[in-house]
Every structure is written in structure tokens, then in C-alpha cells.
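Keep in mind it's a predicted model, so treat the numbers as computed, not measured. All chains are named by letter (A, B, ...) in the order of the sequence lines, taking the proteins before the strands, and each is independently numbered beginning at 1.
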Amino acid sequence: MAPAPPATAAGPSLVETLFQRSLDDLVKSLRADPSAAGESAAVARALSEIHREIRAADAATKAVALQKLTYLSSLHFAPVASHPLAFPAIELLASPHLPHKRLAYLAASLSLHPASLSLLPLATHQLHKDLSPSASSAAAHRHVSALALQLLASPAAAAAPDLAIHLAHDLVPHLSRGCPRAIAAASRVIASSPSAAVPVLFKPLAACLASPDPRASTAAAAAFCDLSAPPADAAPFLPLAPDLYNLLTTSRSNWALIKVLKVFARLAPLESRLAARIVDPVCQLLTRSAAMSLTFECIRTVLTALPAHDAAVRLAIGKAKEFLAAEDDPNLRYLGFLALGMIGPSYASTVHDCRDVIAQSLGDADSNIRREALHLMMGMVDENNVMDIAGMLVSHAAKSDPEFANEILGAVLAACGRNVYELVEDFDWYASLLADMARSLHCAQGDEIGRQLVDVALRVHDARPELVRSARTLLIDPALLGNHFLCPVLSAAAWISGEYVQFSKDPVELVEALLQPRTSLLPMSVRAVYIHAVFKIITFCFSMYVERLDNSSEAVDAVFDDLAVDQSVGEERNVAHVSGEEQGIRPISVEKDPVSGEEKGIRTHTVEKDPFSHESILYMINLIQTTLGPLVECNEVEVQERARNLIGFIHLAREIQELKERKVNGDKNSRVKELVVTVRAIFCQELGPVSANAQKNVVPPDGLVLENLAELTNIVSEDDTTPSTSVVFHPRSCHSAEVRDEPAVSIGSSSLSEHRKRHGLFYLPTGKAEDEANDYPHANDPLLPASDETVIDDKFKTIEPVLAGKKIKSTKSRPKVVKLDGEDFLSTMVANASVPKEDPLSGAVRGVLLTRDAKPSSSQNVSVIMSEGMLNKTGTCESSSQWMEKRESDLGGDPTSSSRTNKHRDKKKGTDLPEIDGNESRKHRSSSRSGRRQGKHKHRERSSTQPDIVPQAPVIQDFLL
Amino acid sequence: MAWQLHAVLWLLSELEEIGNCAHDHHTVTPLFCRQIHFVLLISRQGKVRLTKWYTPYQQKQKAKTKPLVPLDFLEKVIKEVSALVLDRGPKMCNFVDWQGYRVVYKRYASLYFCMCIDPTDNELETLQIIHHYVEILDRYFGNVCELDLIFNFHKAYFILDEVLIAGELQESNKKAVLRLVTAQDAMVEAAKEEASSLSNIIAQATK
């Protein structure tokens with residue numbers, strides 16, 4: 001073709017051809033400017049140049065351009081979309097000139113872009129020509145066919161299955177020659193288009209296994225190792241066992257042996273006699289071999305596929321321990337840990353023997369080894385050693401780098417919290433461990449620690465005193481307040497010390513801790529919890545105080561006089577505060593200093609003796625008023641509302657007192673008492689974890705559209721399922737959603753209850769279920785009115801025997817852990833069942849705080865909204881998990897159905913069975929056609945269609961003998 | 001048929017997930033299980049010196065979702081792997097877990113040779129393959145250095161193709177590999193000389 005004007009417009013001129021930049025020039029220009037901008041500019045310039053050159057009629061120019069383009073696309077990720085590699089490559093494949101052909105094949109096998117791949121079938125004819133015997137010299141032909149085979153084995157060809165189908169027949173002569181390249185290409189072709197390739201290629205490929213040429217047999221072993229790899233079903237390869245066995249016993253090549261072992265590791269679980277057969281050779285390899293790679297493969301094979309052969313397993317474990325002992329080789333140590341991780345539960349004791357080594361490796365320089373060691377350590381944990389191991393790990397976390405420290409803490413939390421704390425025997429220990437973890441140097445697991453603190457408190461009654469003690473140590477430490485990772489922990493601690501204040505030795509100290517100045521560092525949501533805890537504590541102290549007054553009525557007058565005197569201060573402050581709403585907080589702050597000085601005096605003298613004395617109550621009230629006064633105008637509604645509740649309560653207590661001052665009558669006493677008892681009653685109701693079924697009891701409000709949940713599934717399933725919220729009660733309900741997914745294991749419950757737990761949906765509501773429905777509050781409606789007085793009485797009694805109870809418990813075995821849906825839990829809860837129909841806190845507060853009747857209803861709204869949110873959440877969670885399950889079963893969890901369809905198709909002589917499962921039976925059939933296996937055809941046909949391996953047992957035995 | 005469709009869709013969604021969330025583990029599922037998924041040579045500075053992929057992947061576009069550009073994906077993979085590998089100290093083991101795979105790497109002078117395998121594959125064997133390849137390169141180039149590979153990238157590929165095919169070791173005999181490669185080179189050189197004679201160039205240009 002002459003360089004006519006249109007051609008010059010498209011292609012390069014003669015001059016350009018003569019002075020074309022070579023690859024060396026291109027590389028040099030790229031290296032001239034190492035900066036990113038310079039490089040990308042050079043790439044862009046080169047690309048535009050190549051774009052012209054590659055259209056040249058001259059093959060040499062084209063070849064150089066193609067080489068440059070290959071370089072750019074494979075190493076610089078040049079955007080080859082506009083310059084598909086494949087087309088010029090395919091043109092050059094036909095070149096008779098070997099250098100061009102070689103470059104073209106390289107370019108084609110490296111091309112990965114779909115635009116290129118779609119063009120590859122155009123090369124079918126050329127590949128066919130290159131694979132067939134030609135007139136050219138033997139060496140050149142071998143080289144050309146090697147290049148063609150190379151292309152067929154590349155991922156590019158696998159992406160173009162048509163190519164493979166048409167060329168399958170051309171591979172056969174190369175296979176029978178035993179060419180390793182052809183074997184690799186054949187396995188790739190079979191994998192990419194099994195239905196067409198298996199009948200043609202499987203038999204010659206299987207023959208290669210028995211080839212006397214070690215290269216061929218090695219390559220064939222590798223090919224079958226690939227073909228039988230997990231996504232595919234290994235069962236159809238069972239008939240190859242004799243040849244593989246032969247290879248296992250005779251081959252001298254470590255590569256081949258490793259591959260054969262891998263195949264056997266997949267086949268042995270399918271056929272126990274095969275396992276028995278290979279144990280001896282594997283053990284011999286294990287003892288004899290000097291190559292670590294082969295030794296490790298033997299260990300892996302024995303541990304994963306031959307767990308029933310005790311001697312072999314012990315030998316393998318012994319070798320694995322040798323790996324662990326390799327001080328100077330981190331690779332071997334890492335693999336030794338991996339091997340220990342494969343050991344089944346029946347040999348768990350051998351892992352325990354290595355505990356020292358493992359513990360030592362927790363401090364290894366290599367994060368991989370550390371992680372494996374941690375993994376093994378966690379695998380060892382049982383109820384007997386959990387205290388040792390967890391304690392050791394937590395102290396180790398303090399010495400580790402932040403990332404690994406948090407991995408350790410996370411692992412400990414996950415292990416101890418597993419299955420509703422089934423490993424934890426001693427909850428006092430666990431409570432202090434949680435507090436230790438929170439104080440650990442790099443702790444960033446605040447969320448989980450906080451969740452578990454609250455969860456343990458709700459579930460384990462006996463752990464509460466210790467939890468309150470741990471919470472106290474956390475709360476009084478001002479240093480912890482600045483650490484934002486610990487906010488959830490502090491929030492949980494505040495909630496615990498408020499909710500279970502009756503176990504506290506010194507409520508006054510708690511109030512001080514909760515109101516300390518540094519609490520201003522906390523986020524508002526946590527501050528709200530703090531204030532609410534103060535509310536609970538002060539209520540409790542008041543009620544104790546009032547109760548005591550009942551007992552000693554002679555002291556009443558004196559005490560109330562004092563209260564009344566103090567009232568003047570409080571009243572003044574209230575007035576100042578009410579009027580100061582516009583002016584800011586100045587009047588209060590002015591007044592603060594002398595009062596607090598006075599308070600300090602009281603505190604030091606009398607309060608420490610008795611937290612429920614009149615002085616300490618006064619002290620607390622004053623402290624609350626000075627600290628929370630400013631917060632009444634806080635911008636954060638949660639904080640503001642709680643501060644106002646508390647201030648209002650105190651105010652009310654004093655106002656009633658004021659009434660008493662005017663009319664001296666015993667009746668007033670009872671009004672204070674009435675107030676205190678009412679408010680106290682609100683907080684006395686036992687809180688429990690929310691049942692997983694509680695959600696079902698929430699009636700969806702009118703107008704809530706639930707049909708669109710399916711659309712939300714995709715969005716929600718990927719996100720974290722825990723909704724973010726500022727309310728401390730939340731973790732509980734959130735956890736109960738998780739409980740559902742856990743395998744249901746409960747201690748001491750009958751199998752019927754187990755069954756009922758799993759299939760709860762299919763049971764008609766029994767009497768108990770109904771009780772449960774009434775008993776459990778809505779997901780976010782935790783405060784119940786105390787209709788059962790005995791509960792309250794119990795609470796009051798428990799304050800005295802705190803220490804006694806503790807002693808009893810230490811001798812007791814394991815405290816009861818409340819589990820949802822369990823029988824034992826229901827029976828305890830049925831006793832104090834009540835029928836809450838209304839949010840009692842808002843009701844009581846509305847009744848008492850006349851001035852602020854708007855707020856409670858708003859909080860009620862919040863809870864309604866939240867329960868709606870939870871409803872959505874659980875709904876979508878469930879559907880997403882179902883969706884996942886479905887997806888899994890679609891993928892491969894259902895071998896019977898897919899093989900059934902295969903069988904069906906075989907009968908119909910269907911021609912295309914393009915995917916993996918479909919081809920297994922094909923392979924199988926063709927292998928069974930091969931010579932000596934003729935007689936067993938039917939047996940194996942059935943065996944491939946049934947996952948049940950029993951019928952094929954005699955067949956295998958025949959082959960092996 | 002339905003099963004296949006599901007599987008294909010699932011694989012596609014997996015691939016897209018790789019594109020979207022790199023930190024989600026165990027998202028990558030190869031279409032076929034290979035000994036080695038890819039080979040990667042990177043310099044100490046993170047420059048790519050050789051890439052070879054043995055795991056095929058399909059790219060089809062689902063409606064609505066953003067199509068995954070394969071080269072972007074590969075680049076991302078390389079970035080992640082090289083960040084992991086370059087970060088490791090000298091006395092650590094030669095294996096890194098990445099996205100549910102295991103990357104076996106070894107440093108030779110300024111170059112890191114990385115091979116990505118399945119976690120169930122044999123790490124030590126892969127390490128031997130790397131060493132095998134490096135030794136062959138060394139003999140071929142005569143004390144190989146990074147520049148040899150930069151300027152002769154195609155030769156590095158040709159040698160790799162003799163050592164590994166479809167992610168499997170082909171030839172464990174170093175001399176045999178070298179013999180083959182030099183024979184091919186000789187053949188190519190002979191053909192080149194024949195083609196590069198002056199008369200040939202003129203004939204080609206004025207054709």
C-alpha cells in the first residue's frame with residue numbers, strides 16, 4: 001500500500017517511521033522526570049505517539065508501537081480503553097516474522113481490558129495454525145506453539161470461552177506429547193468452558209498423570225489440584241485416586257507431591273478407605289522429607305483431612321511444634337501457629353502444652369505472628385482458664401502498641417461476652433476486669449465495654465454490688481473524663497451507679513463524682529445520663545431518710561426545722577434563678593462560693609458518718625443546685641430536661657417543707673413522704689434485658705409504611721446495625737437483637753425449651769408467652785410503674801446485707817445469668833409481672849412538676865420514635881439475613897439440586913452446561929469412559945449425582961487394590 | 001440456569017464490592033482457584049516493575065451501578081498490596097494477609113517480589129518459586145539489577161512465562177529454563193537480523 005494522502009492522515013509518515021522512538025527511548029523519557037506530573041505527561045505524549053504509529057502499515061513500526069503500549073498498559077496502567085491492545089496484537093499474530101509474533105503474543109496474553117478481550121476470538125484461526133504442525137523448522141514451530149499455548153493458558157483466554165472451545169481439539173496432540181504448557185492450558189480451558197472441553201481434553205489430561213515424564217506428571221497433578229479446588233466439587237476426581245496414589249509413593253518432585261497432597265486432602269474426607277490408604281505414605285513423607293514446604297503440606301493434610309488417624313495427627317503436631325521452636329525463622333513460626341490453629345478440638349490439650357510459646361509470641365515483632373498467637377490464645381479459652389488468660393491478655397495489652405492492644409481487648413470482650421457470658425463464672429472478677437480494660441492505656445473499645453457493663457448489670461443480679469464498686473472507681477477518677485474513647489464506659493458506669501445505688505456504700509461521694517467540674521468535658525448525651533443518675537441517687541437517699549424518720553418520729557421536728565432554715569437559701573436561689581433566666585447565670589455564680597464553702601464544712605464534719613443523715617441530704621441538695629443551676633438553660637434538650645427535672649424535684653421537696661412551716665401538722669410530713677415514695681417507686685422497678693420477641697409486641701402506628709423495607713435492605717445490611725443514639729438504655733435493646741443470631745445455648749434449660757427457643761415462631765402462644773408479652777415493656781420503654789410493692793421492699797432490704805451477700809456469693813458456684821426466652825428467667829419475671837400501659841416517669845413528673853408539663857410528653861414522643869426506629873431496624877436485619885442465606889444457598893450450598901438438574905440435562909443430551917457444577921458430571925463421565933474403568937460407569941454416574949458417598953465405596957476399593 | 005445466573009451476579013457484585021469497600025475482608029472470590037493469582041514486582045519506592053495476572057475476572061455492567069474499570073481495580077489492588085508489603089520490617093515473616101488472600105513476598109535488594117495465593121496454598125513453596133525466578137533472572141542477565149528489568153521488561157515476562165504458566169510452576173530446572181530462553185532469543189535475533197537489512201527496510205517502506 002502506497003503512502004497515499006488518506007493513509008498519511010491516519011498513519012505515520014515515512015520519516016516518523018524511520019525515527020520512531022524505541023522502547024528504550026520511551027523508558028528513558030519516563031525516567032527523565034520522576035515526578036508524578038512529569039511522568040503522566042510523558043505517558044500521555046507517548047500514548048498519542050503510539051496511537052499514530054500503531055496504525056502504520058509497516059509491521060516493524062507497528063510492533064514497536066505495540067511493545068511500547070504493552071509496557072505502558074501493564075506497568076503504568078495507561079488508559080488503554082481508547083487504544084485496545086488486542087487489535088494490533090491480533091494483526092501481528094499473523095506475522096511470519098518471529099520477533100513480531102512474540103511481541104504480539106505477549107501483548108495479547110497481558111491484555112486485560114474487556115475491549116481487548118472481546119476481540120480475542122478473531123485470533124482463533126491464527127492460534128489454530130500456530131498450534132498445528134507446520135512446515136517450518138522444528139525449533140521455531142515448538143516456540144510458536146509454546147507461545148500459542150501460553151496465550152491459551154492466560155486469563156485473557158479464559159475470559160473468551162469461545163476461543164477455548166474451538167481450539168480444544170488442537171490441544172490434544174500437545175497433551176499426548178506430555179507438554180506441561182499444554183497441560184496447564186488444558187486445565188484452564190476445561191475450567192473456562194467445561195461442557196465443550198471436558199469430553200475432548202479430560203482423558204488425555206488424566207493420561208498425563210501416569211506419564212513417565214516427571215514434568216508432565218507434575219503439571220497434571222497441578223492441573224487436577226486446580227480443577228478440584230474448593231468452589232468445585234472434588235468427588236468426580238475420586239477415580240483418579242490410583243494414579244495420584246502412584247505419584248504420591250513414587251514421585252521425587254516436591255512440587256508434584258505438594259499438589260498430590262492437596263488433591264488428597266480434598267478427596268480423603270469423601271472416602272474413609274482412601275484416607276486409611278494414604279496415611280502411611282503421608283507419614284513417611286512427614287518423617288523423611290527435608291523440605292519444609294512439603295513437611296508443612298503433610299502437616300496440613302493430616303490435620304485437615306486425616307483427623308481420625310491418631311498416630312499421624314500426633315506426628316504432625318510434633319512437627320508443628322518443631323516449626324514453633326524455630327527461633328530464627330519467623331516464617332516457620334508463623335506456619336507453626338497456622339498449623340496449631342488447624343488442630344481439631346479433640347487434640348486441644350496439645351495446644352495447651354504450647355501455651356508458653358504462644359504467650360511469648362504475643363510480644364513478637366511481627367504483627368502477623370502476634371495476631372495468630374492471639375487467635376490461638378482465644379481458641380484455648382474455656383471456663384476454667386478464662387480468668388488466667390483474660391487477665392494475662394489485658395495486662396499484655398497495656399504493653400502493646402495501640403492497634404494490637406485494641407485487638408486483644410476486642411478479642412477478650414468477644415470471648416467473654418460470647419453466648420451471654422457462658423465462659424464467665426465469677427462476675428465480680430469480670431466486673432473488675434471490664435473496669436481494668438477501660439482504664440487500659442490504649443483502650444478504644446469503650447462502646448463494647450459500656451454495653452457489657454450495662455448488660456451484665458441487667459442480667460446478673462449478684463454482680464451488681466461489684467459492678468457498682470467498679471463503676472465508682474471509674475467515676476471518681478477525674479483523669480478518665482478527658483478521654484473521649486471512654487465516654488460510653490463512663491455513661492454505663494453512671495447509669496449503673498444510679499440504677500443500683502442501693503449497693504453503694506457512699507452515695508454522697510457518688511453524687512460528688514457525678515457532679516465534679518470536669519464532667520463539663522463529657523459529651524452532652526453522657527452528661528444527661530450523669531444528671532439522671534444523680535436524680536436516682538438523691539431520690540434513694542431521700543427515701544432512706546424519710547423511712548428513718550418514720551422509725552424515730554421524735555427527730556422529725558428538729559430535722560424539718562433545719563430543712564426549713566436552709567430553705568431560705570434555696571428559695572433565694574430559686575428566685576434568683578427564675579428571674580435570672582433573662583440575665584444569664586450571674587446571680588447564681590455570685591452566690592455559689594460562700595455556699596460551697598459552707599457545704600465543704602458540713603461535708604467534712606458530719607456527712608461522712610452517715611449518707612442518709614439530714615446534713616448529707618442538705619449537702620447533696622445544695623451541691624446539685626449549685627452545679628446544675630446553669631444547666632437548666634443548656635442548649636442540649638436532653639441535658640436541660642434532666643437538669644430541670646432534678647432541680648424541680650428538689651424545689652418541690654422544699655416547697656412542701658415550706659407549707660409545713662406555716663401549718664405545723666404531722667400531715668405535711670406525709671406529703672414529703674408521699675412525694676419521695678412516689679418518685680422513688682418510679683426507679684425501683686427492676687429493669688431487665690429486652691426480649692428479642694418484644695419487638696413483635698410493638699404495634700406499628702397508623703400511617704407507618706412497612707412495604708418499602710425490601711428496598712432498604714440493601715442499604716441497611718451493609719451498615720452497622722446499631723443505631724446511634726444518646727440514650728443509655730439503648731445498648732440493651734440493641735443487644736437483644738444480636739442475641740437472636742447467636743446459637744441458642746442455655747445452661748440448664750430443657751431440650752424442649754431449646755427447641756421452643758429456636759422455633760419460637762411456630763408455637764402458639766402459651767400461657768407463659770402471654771405473660772411474657774405483658775411482662776416485657778416495649779423496646780424503649782424501660783421504666784415501669786411499681787405496682788408490686790414487694791419488689792420495692794426487697795430493694796430496701798438488700799441495702800443492708802450487701803457485704804453479707806457478697807460473702808455468700810463467693811462460695812456459691814456461678815450466679816444466675818438472666819437469659820431471654822429461657823424458662824428460668826420467665827418464672828422469675830412472672831412473679832413481679834405488671835401491666836404497664838403508660839410511661840410512668842413522664843406521668844409522675846407531669847403530676848408532680850406542675851410547671852413543666854410539656855416536657856414529659858415530648859420525651860414520650862422520643863421513645864415512640866425510637867421504638868419505631870427499632871422496628872424498622874429489626875425488620876430489615878431479619879430480611880437481610882434471610883437474603884444472605886438465600887444467596888449462600890444459591891451459590892453452592894445446595895449440591896443436590898444442581899446435580900439433579902445436571903442429571904436431567906444429561907438425559908436430554910443437553911449441549912451446554914457452562915458452569916462449574918454442571919461440568920463435574922461431564923468430566924466424570926468422560927473419565928469413566930476411559931479404558932479400564934468402563935465397567936463401573938453406572939456406579940460413578942450415580943455417585944456424582946448424589947452427595948452421599950456410601951454407594952461408591954466398593955468402587956474405590958477396587959481401584960486402590 | 002438459575003443457579004448460574006445467581007453465581008454470576010454474585011461474582012459481579014463481589015467484584016464491585018472490591019471496588020467500593022476495600023477493607024471488607026473475604027470479598028474477593030476468584031472464578032477459578034489458581035496456585036498464584038498474580039505476580040507483582042515493586043521497587044522500594046513503590047514503583048511497579050512487573051505485573052502478571054493469572055486469575056481471570058469478568059467485567060459486566062449491572063444497570064444503575066457504576067461500572068468497574070478493570071485497570072483502576074488493578075491499580076487499586078497493587079496500591080494496597082504494595083502498601084502492606086513495603087510497610088513490613090526485615091525480621092518479619094514473608095506472608096501478609098490481604099483481603100482473604102495471602103501475599104507471599106521477598107525482598108531482593110531494592111525489589112520486592114510478591115505473589116498472591118490462596119490461604120490454603122503452600123506459602124513456603126511459593127517462596128521457593130520466587131527464589132527460583134530470581135535465580136533464573138540473575139543468571140540470565142548476569143547479576144540482575146532493577147534497571148535490567150526496567151529496560152527489558154518483555155524479557156522478564158518471557159522468563160516468567162517459562163517458569164510459571166497459568167499460575168503453576170512449569171519448569172523447576174533452572175538450566176532448562178535458561179536454555180529455552182536463550183534459544184528463543186537466538187531465534188528472534190536471527191529473524192531480526194534478516195529483517196533489518198537495509199534493502200529490507202527500503203522494500204518495506206516503498207511497498
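Only the backbone of A:Ala365 comes within less than 4.5 Å of a heavy atom of chain B; no side-chain atom from C-beta onward does. Contact of B:Ile150 with chain A is made through backbone and side chain together, with heavy-atom distances under 4.5 Å. Only the side chain of B:Leu127 has a heavy atom closer than 4.5 Å to any heavy atom of chain A. There is no contact between B:Glu189 and chain A, counting heavy-atom distances below 4.5 Å. Contacts of B:Leu180 with chain A are absent, with no heavy-atom separation under 4.5 Å from either backbone or side chain. Looking at B:Ile42, neither its backbone nor its side chain comes within 4.5 Å of chain A, counting heavy atoms on both sides. For A:Leu30, no part lies under 4.5 angstrom from a heavy atom of chain B. Both the backbone and the side chain of B:Phe95 have a heavy atom closer than 4.5 Å to some heavy atom of chain A. In this structure, chain B has heavy atoms under 4.5 Å from both the backbone and the side chain of A:Arg181.
Of all heavy-atom pairs between A:Leu338 and B:Arg102, the closest is CD1-NH1, 3.4 Å. Contact record, B:Asp121 with A:Arg300: O-NH2, 2.8 Å, taken as the closest heavy-atom pair. Closest of all the heavy-atom pairs between A:Gln150 and B:Leu164 is NE2-O, 4.3 Å. Closest approach of B:Glu125 and A:Ser293 over heavy atoms only: N-CB, 3.6 Å.
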Item to complete: Tell me, with the steps shown, if A:Arg31 and B:Leu147 meet side-chain contact (heavy atoms from CB on, under 4.5 Å).
Response: CA-CA 11 Å; A:Arg31 288 170 63 79; B:Leu147 277 180; 3.4 Å; yes
Worksheet item: Taking it one step at a time, do A:Leu23 and B:His154 satisfy side-chain contact (heavy atoms from CB on, under 4.5 Å)?
Response: CA-CA 10 Å; A:Leu23 178 66; B:His154 49 290; 3.9 Å; yes
Practice prompt. Begin from the C-alpha positions of B:Arg88 and A:Asp366 and carry the test salt bridge (charged side-chain N to carboxylate O under 4.0 Å, His left out) through to its verdict.
Written response: CA-CA 8 Å; B:Arg88 291 177 62 81; A:Asp366 188 345; 2.8 Å; yes
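In terms of heavy-atom pairs under 4.5 angstrom with chain B, the leader among A:Lys28, A:Lys259, A:Met292, A:His100 is A:Lys259. Interface remark: of the candidates B:Asn122, B:Leu50, B:Thr51, B:Val48, B:Asn122 forms the most heavy-atom pairs closer than 4.5 Å to chain A. Contacts with chain A were tallied for B:Arg49, B:Lys91, B:Lys52; B:Arg49 has the most, counting heavy-atom pairs under 4.5 Å.
Taken from CG in B:Asp118 to NZ in A:Lys262, the straight-line distance is 9.0 Å, to the nearest 0.5 Å. Rounded to the nearest 0.5 Å, atoms CG (B:Leu124) and CG (A:Leu294) are 10.5 Å apart. Residue A:Thr70 holds its OG1 atom at 5.5 Å from CZ of B:Phe153, rounded to the nearest 0.5 Å. Note that CD of B:Glu123 is 7.0 Å distant from OH of A:Tyr334, once rounded to the nearest 0.5 Å. For the atom pair A:Leu106 CG and B:Asp161 CG, the distance stands at 7.0 Å (nearest 0.5 Å). Here the straight-line distance linking atom CG of A:Leu335 with atom SG of B:Cys93 works out to 8.0 Å at 0.5 Å rounding.
Judged by distance alone, with hydrogens and angles left aside, the side-chain atoms of A:Arg102 form no donor-acceptor pair with the main-chain N or O of B:Phe158 at under 3.5 Å. Formation of a donor-acceptor pair under 3.5 Å by the A:Asn331 side chain with backbone atoms of B:Asn94 is found in this model.
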